[in-house]
Amino acid sequence: MLAKTVRIVPQARAAIVERFGKYKGTLPAGLNIVVPFIDKVRYLIDLREQVVSFPPQPVITEDNLVVSIDTVIYFQVTDPVAATYEIANYIQAVEQLTMTTLRNIVGGMDLEQTLTSREEINNGLRGVLDEATGKWGIRVNRVEIKGIDPPPSIKDAMEKQMRADRDKRALILSAEGQRQSAILTAEGNKQSAILNAEGERESQILRAQADREAAILRAQGEGQAIQTVFQAIHDGQPDQSLLAYQYLQMMPKIAEGDANKVWVIPSEITKALEGLGSSIHEVAGIPRDATPRTRVDMGPSEPQLPRSSDDPETRATSEAVQAAIAEAANAANPGRTARSIDPAATATETDRLQGPSGPAGEPTDPGASAGQ
């Protein structure tokens, strides 16, 4: 009697009490007192949120492809009386309702949209289920799709499509890499060509400057050499015998070469031989008397500016030039008596020798010394 009178209901549970087969009331959690043999606890309802996973269901999409979809539903009993007396088995009812609603939603989508629209399918299922299960005292909190499995042939086609797409992206990336590499290589070649051209230009400029300076130095050296030889000839005062000896030294060079069958002896050599043997004949321009004479001043090697005729140094130079002209005339005609030098003619000759570059013996550049 005591056991049938006292009933203990666990937490988050609700007990449905019937009296003579009719609903009497709902017992909350804790200690409750009922009338024995009259009141009877018929159902014990769990008020906690429950999770129900349904097996895969075949669904036909809009493009006539059959896919299998697994769903998970999270629901909670809010009204134990309605869940007991409004529906016989609310879990089975939720499962069937989920299946029909899912087929209705997925039937309006193609395969690609079905695979990429899970959130849309979840929201549609939850809205329909929550509205339908409200009168059963059940609240659907959440609906999730665990998996969507297309047919094996569709899987194979999708894998090929994804593989082709990945290959395309790989080829695009490879082509972009090659393009960037070609652009960088071309820019590098361009910069290299520019630097090579600039280096070649600077090299040619430096080479041209070096050639110019070398030519200038070579010309100056030749001018100084000619001036030195000219001065040495004046200092040595060559005679007839020296000239004949020089002619004799040139004869072996004339006969050099295997192809020289016939060679001509210049007439000056015979005269030189005659002068070397008897010293009777004289060659024009070579003085017989080889006594030392006054040294001719060649002047400085660097060019100088012309001086005024009133300068004492200029007058002294003019006198030296006149003396040199007289000596040259005596050397050209050693047998004749030196003529008296006309001062006006001497002055004219002096002015001609000085020219625009200064007194005689002072050339403007080494080339002028070589010409004189």
Side-chain angles (χ1 to χ4, degrees), residues 51 53-74 101-127 141-225 302-303 365-367:
V51 180
S53 176
F54 302 129
Q57 301 295 328
V59 180
I60 301 176
T61 61
E62 186 180 7
D63 48 358
N64 297 324
L65 294 176
V66 180
V67 294
S68 297
I69 301 178
D70 297 343
T71 56
V72 177
I73 295 179
Y74 299 82
T101 306
L102 185 62
R103 288 177 179 176
N104 187 21
I105 295 175
V106 175
M109 300 180 179
D110 56 7
L111 178 61
E112 185 175 358
Q113 188 176 4
T114 302
L115 295 175
T116 57
S117 302
R118 293 196 177 192
E119 187 67 24
E120 182 179 352
I121 297 174
N122 293 338
N123 294 332
L125 282 174
R126 186 178 61 182
N141 297 327
R142 192 172 182 181
V143 178
E144 293 291 340
I145 296 178
K146 292 196 301 183
I148 300 176
D149 297 329
S153 59
I154 302 301
K155 286 184 178 180
D156 188 26
M158 293 173 61
E159 290 178 358
K160 290 181 180 179
Q161 182 180 1
M162 289 186 294
R163 190 181 301 110
D165 187 55
R166 287 193 296 266
D167 294 340
K168 181 184 72 174
R169 290 198 297 267
L171 292 176
I172 291 174
L173 293 176
S174 178
E176 290 180 354
Q178 292 178 0
R179 181 172 67 88
Q180 292 293 333
S181 176
I183 291 173
L184 294 177
T185 302
E187 290 181 354
N189 294 333
K190 174 184 174 182
Q191 294 294 331
S192 177
I194 292 173
L195 293 177
N196 291 333
E198 291 179 354
E200 185 65 22
R201 182 190 65 182
E202 294 179 0
S203 175
Q204 291 179 0
I205 291 173
L206 294 177
R207 193 179 297 111
Q209 292 178 353
D211 293 341
R212 183 189 65 181
E213 294 177 0
I216 292 174
L217 294 177
R218 193 180 300 109
Q220 292 178 355
E222 291 178 357
Q224 293 178 2
E302 298 295 333
D365 54 0

Check: For Glu202 and Ile205, what are the C-alpha separation, side-chain angles and deciding distance, and is it a side chain to side chain contact (heavy atoms under 4.5 Å, CB included)?
Finding: CA-CA 5 Å; Glu202 294 179 0; Ile205 291 173; 5.5 Å; no
Item checked: Distance (rounded to the nearest 0.5 Å) between Thr101 OG1 and Arg126 CZ -> 14.0 Å
Next item on the list: Return yes if some donor-acceptor pair links the side-chain N/O of Asp70 with the main-chain N/O of Phe54 below 3.5 Å, else return no.
Entry: no
Item checked: side chain to side chain contact (heavy atoms under 4.5 Å, CB included) between Leu115 and Ile148, intermediate numbers included -> CA-CA 7 Å; Leu115 295 175; Ile148 300 176; 3.7 Å; yes
Notebook entry, point to check: Which atom pair, heavy atoms only, marks the closest approach of Arg118 to Gly147?
Noted result: NH2-CA, 4.0 Å
Check: Does Glu62 have any side-chain hydrogen bond (donor to acceptor under 3.5 Å, both in side chains) partners at least two apart in sequence or in another chain, and if so, which?
Finding: none
Check: At what distance, to the nearest 0.5 angstrom, does CG of Asp167 lie from CD1 of Ile172?
Finding: 11.0 Å
Notebook entry, point to check: Going from CG on Leu102 to CD1 on Ile69, what distance comes out if it is rounded to the nearest 0.5 angstrom?
Noted result: 4.0 Å
Check: Given side chains that start at C-beta, do those of Val66 and Val59 come closer than 4.5 Å, heavy atoms only?
Finding: no
Check: Is atom CD1 of Ile60 surrounded by more than 12 heavy atoms (other residues, nucleotides or ligands) closer than 6.0 Å?
Finding: no
Item checked: Side chain proximity check, Gln204 to Arg201, heavy atoms < 4.5 angstrom -> no
Next item on the list: Would you please test Asn122 and Ile145 for side chain to side chain contact (heavy atoms under 4.5 Å, CB included) and show each step?
Entry: CA-CA 7 Å; Asn122 293 338; Ile145 296 178; 3.3 Å; yes
Check: Heavy-atom distance under 4.5 Å between the side chains of Thr61 and Asn64, does that happen here?
Finding: no
Checklist line | N/O donor-acceptor pair under 3.5 Å between Gln57 side chain and Pro55 backbone | finding: yes
Notebook entry, point to check: Glu144 versus Arg142: any side-chain heavy-atom pair under 4.5 Å?
Noted result: yes
Next item on the list: Could you verify whether a donor N or O on one side chain and an acceptor N or O on the other, from Lys146 and Thr71, lie under 3.5 Å apart?
Entry: no
Check: Any sub-3.5 Å donor-acceptor pair from Thr116's side-chain atoms to Glu112's backbone N or O?
Finding: yes
Note to self: I want to check something: taking the side chain as every heavy atom from C-beta on, are Pro150 and Leu111 in contact at a cut-off of under 4.5 Å?
What the structure shows: yes
Notebook entry, point to check: Is there side-chain contact between Val67 and Asp149, with heavy atoms separated by less than 4.5 Å?
Noted result: no
Check: Quick one: are Val106 and Thr114 in side-chain contact, heavy atoms under 4.5 Å?
Finding: yes
Checklist line | Contacts of Asp165 that satisfy side chain to side chain contact (heavy atoms under 4.5 Å, CB included) - sequence neighbours left out | finding: Lys168, Arg169
Throw together a table of side-chain donor-acceptor distances under 3.5 angstrom for residues 175-199, partners on residues two or more places apart or in other chains.
residue : atom : partner : partner atom : Å
Thr185  : OG1  : Ser181  : O            : 2.7
Asn189  : ND2  : Thr185  : O            : 3.2
Ser192  : OG   : Asn196  : ND2          : 3.4
Asn196  : ND2  : Ser192  : O            : 3.1

